[in-house]
Amino acid sequence: MEISTPYMIILVAAMAVTVAFIITLRRGQQIMMMHKCYYTATALLLFWLLVIFIMGFIPPDKMTILQLLDASTTMCGAFIPACSLLFSICYVRAYSDTLPKGVWCIFIIPAISTIMVFSNPVHHLYYRRFALDNSGVVFGPYFYVHSFYTYACVAVSLLLIIRFAIKSRSRLHVWQAVLFVVGSLCPLIVNLFVTFHALDASIVLTPVSFALTLAFHGIVIYRLHFFDIRPVAMQQLLNWISDCYLVTGKDGRVVNYNQPFVEIFGKSYKIRENTCLSDFVSNEDIENKTPLYNLMSALHSCERRHTRITYEQPLDLKRDKELKRYWFMVEVAPVFVKGTLGGYVSIFRDMTQIKLNMQKMADNQMKMMENERLAFLGQMVGGLAHNLKTPIMSISGSILAVEQLIEECRQSLGDPEVTEDDYREIYGEMEEWLSRMKEAGAYMSDIITAVKGQAANISVSENVDFSLEDAVRRVQLLLRHELLKNQCHLIEDPKINEKGILIHGDINNLVQVMGNLVSNAIDAQKPEGRHDIVIETQWDEDQFQLMVKDYGTGISKNTQAKLFHQMVTSKGTKGTGLGIFISNSVIHAKFGGSMWYKDNPEGGSIFGISLPLSCVTFVPKDEVRENAEK
């Protein structure tokens, strides 16, 4: 068979390009089912070109050999469209390893066509008359079945790719589909012209036309990552780390987004690809498009600073026929391509559940703090009863004594034996009893003030400057009965009385924490041990430390490791571990400080409260008294 020199050169070049295409295509790829289909079609094309190249060296009189070689090219022409259809199915359906059994039926017709063309001399159903040039060949009836199926496979495969690209709403997929379709149509159109005698050409033209297919497919594969997992992986990664995302160009033009973005934002603002965000905003609808305005402001800030911009966006969405408030954390990040700003990626994370959980945690913590305060007050009820009983009895006795003195004065009126000095003595005794009543009343007033402050709701705090001496005095009043009952002595650091120490915050919170620490120290006393509980202070350039030291049983190493992090107790069934846990939360939340623990070298425990020195003020003692009087 004679093939002209230009066609032979083109044929050799096409084979070289196909071999190089297969080698580079195979390198570094993760082989999936769609890759296997494409590789098979490319290998068949290479075999087709090789057979035609061999046919160029066969003499025209060797018709039997030429007919067998032509049958081989027909076999390639039958299976390549079927492989293309299978490739499209795998690509669209995301089949990676296995295929449904029914899919393999698409190769039945190509197999029959191969049998028909190789056995044609017996039945002449494929060729009525065989010839190598287009003008001399006469096709049989089965040829048209074969041709129809071939064109149908190509058409269906292209429709599947196009439909997938349109449905995905991704510009990348659209470009991939366009170039893939154009490349696939080139040999199809050439073959149509040759088949219906519209083009008088050599049999070399159809397989050589696949060179254009390789060129377009090469652009799709190498430039648009048709086979590469990177675009899909990036989209999956964005879907994984966000609830929805939006990719925009540096001019604000929408490049890409996922389906959740359409559901949340796209439908409301009619956002679509290849349009600018500013097109969806009007001055007359500023209030309703606040989320879009916020996004555009973030994009402008990101453009100016070239840094990530993060903000919180509340949004009212209709879910399950009910309008609900949602919160999204929006992060806008610049995308640089070879050092040049190329666009922006906006990631939206739904923080609604997290926000609700945080609010629930805050509410639960508030309830725990309230319960701990109630428990603390409950422990003091018995002691307060004893504390109030003493002054009440004193006042009652003083009133009785005064009544007796009054009655004595009344009976002595007109008695010549009662002198003026006697009346002065009676008045002096009455003043003494009244003085005792005033002292008892003042003591009761102090106790009531301390209890009233502790009974206030912990969520209603008053941040002012209060005296540490006043806080320690309240603790002494509240725990006076417990201290006396357990024969404990609360010893204050002399520095507390010598120097005016003002702490900014709510005095009730600090009294609660110190009360918990002193109460725990009372419970930790040994029967025959040193029953002193010492409140000490020290400070440096950064922190002010308030310590409660006891000489009791101490705390085990296992319990120490869990302090302030878990609700643990060394009291057994008598304790819950809630006090220390809540106290640490109070110091952290209300004063910006922290709590710590260490063993007392003399035996026992030392619980410390560290406060930032910025919330502590040292003033002359006279000023503290003046502020207290005011």
Side-chain angles (χ1 to χ4, degrees), residues 376 379-380 383 387 446-447 449-451 453-454 465-526 529-540 543-555 563-564 579-580 582-584 586-587 590-591 593-613 615-619 621 624-625 628:
F376 178 59
Q379 292 174 358
M380 297 185 299
N387 289 339
D446 288 340
I447 292 179
T449 300
V451 174
Q454 288 306 112
D465 290 336
F466 63 88
S467 169
L468 178 60
E469 182 182 5
D470 188 20
V472 173
R473 186 171 59 86
R474 290 194 186 189
V475 173
Q476 288 178 320
L477 287 170
L478 293 172
L479 297 178
R480 181 173 179 271
H481 175 71
E482 289 187 44
L483 290 167
L484 292 174
K485 178 182 177 182
N486 293 276
Q487 299 179 348
C488 294
H489 310 288
L490 187 62
I491 302 173
E492 299 179 37
D493 188 345
K495 288 182 289 187
I496 296 178
N497 296 321
E498 294 171 359
K499 193 173 187 68
I501 302 174
L502 299 180
I503 299 176
H504 186 75
D506 184 2
I507 188 173
N508 295 319
N509 291 324
L510 187 60
V511 170
Q512 178 188 357
V513 174
M514 292 179 63
N516 276 325
L517 297 181
V518 173
S519 180
N520 289 341
I522 294 173
D523 293 335
Q525 296 302 310
K526 297 177 181 178
R530 178 181 172 183
H531 289 191
D532 290 337
I533 300 172
V534 184
I535 297 179
E536 296 181 344
T537 59
Q538 65 182 31
W539 57 86
D540 54 24
Q543 290 186 330
F544 178 85
Q545 294 183 344
L546 179 63
M547 295 164 285
V548 176
K549 179 169 66 175
D550 66 66
Y551 301 88
T553 56
I555 298 178
L563 281 175
F564 312 118
I580 294 297
I582 292 298
S583 295
N584 184 52
V586 170
I587 293 298
K590 302 294 184 178
F591 296 93
S594 61
M595 290 187 64
W596 47 270
Y597 170 87
K598 68 179 180 180
D599 291 324
N600 186 355
E602 302 176 61
S605 305
I606 299 177
F607 279 90
I609 301 171
S610 294
L611 304 177
L613 201 61
C615 72
V616 180
T617 306
F618 301 96
V619 298
K621 199 64 178 288
V624 176
R625 292 195 184 96

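Just the heavy atoms: all of them, side chains too, but no hydrogens, waters or symmetry mates, feed the values below.
Taking all atoms of both residues into account, the shortest heavy-atom contact from Ser605 to Gly554 is OG-CA, 3.3 Å. Of all the heavy atoms in Asn509 and Phe591, the pair that sits closest is CB-CE1, 3.9 Å. Considering every non-hydrogen atom in both Gln525 and His531, the closest pair reads OE1-CA, 3.4 Å. Scanning all heavy atoms of the two residues, the minimum distance from Leu613 to Asp540 falls at CD2-O, 3.2 Å. Residues Ile533 and Cys488 approach most closely at CD1-CB, 4.3 Å, considering heavy atoms. Considering all non-hydrogen atoms of both residues, Ile496 and Ile501 come closest at CA-CD1, 4.4 Å.
Put simply, CG on Asp493 and CE on Met547 are 7.5 Å apart, with the number rounded to the nearest 0.5 Å. Here CG of Leu490 is found 13.5 Å from CZ of Arg473. Values are rounded to the nearest 0.5 Å. In this structure, CD1 in Ile535 is found 7.0 Å from CG in Leu546, a value given to the nearest 0.5 Å. Taking SG of Cys615 as the reference point, atom CG of Leu502 lies at 11.0 Å (rounded to 0.5 Å). The line from CD1 of Ile587 to CG of Asn584 is 8.0 Å long, rounded to the nearest 0.5 Å. With values rounded to the nearest 0.5 angstrom, Leu468 atom CG is found 9.5 Å from Leu611 atom CG.
Judged as a ring-ring contact (aromatic ring centres under 6.0 Å, His included), and not counting sequence neighbours, Phe466 has no contacts. Listed by chain and residue number, nothing satisfies the ring-ring contact (aromatic ring centres under 6.0 Å, His included) test with Trp596 (two or more places apart in sequence, or in another chain). Qualifying side-chain hydrogen bond (donor to acceptor under 3.5 Å, both in side chains) partners for Asn600, counting only residues two or more places apart in sequence or in other chains: none. Evaluation of the salt bridge (Lys or Arg N to Asp or Glu O under 4.0 Å) rule for Glu492 yields no partner, not counting sequence neighbours. Not counting sequence neighbours, the partners of Glu536 by the side-chain hydrogen bond (donor to acceptor under 3.5 Å, both in side chains) test are Lys549. Not counting sequence neighbours, the partners of Asp532 by the side chain to side chain contact (heavy atoms under 4.5 Å, CB included) test are His489, Ile491, Arg530, Tyr551. Applying the ring-ring contact (aromatic ring centres under 6.0 Å, His included) criterion to Phe544, with sequence neighbours excluded, gives Trp539. In this structure Asp465 satisfies the side-chain hydrogen bond (donor to acceptor under 3.5 Å, both in side chains) test together with His504, sequence neighbours excluded. Scored by the side chain to side chain contact (heavy atoms under 4.5 Å, CB included) test, Ser594 finds Ser610 as partners (sequence neighbours excluded).
The local environment of NZ in Lys598 is sparse, with at most 12 non-hydrogen atoms from other residues, nucleotides or ligands closer than 6.0 Å.
Residues Phe607 and Ile555 meet the side-chain proximity criterion, which asks for heavy atoms closer than 4.5 Å. Looking only at side-chain heavy atoms (C-beta outward), Leu517 and Ile609 come within less than 4.5 Å of each other.
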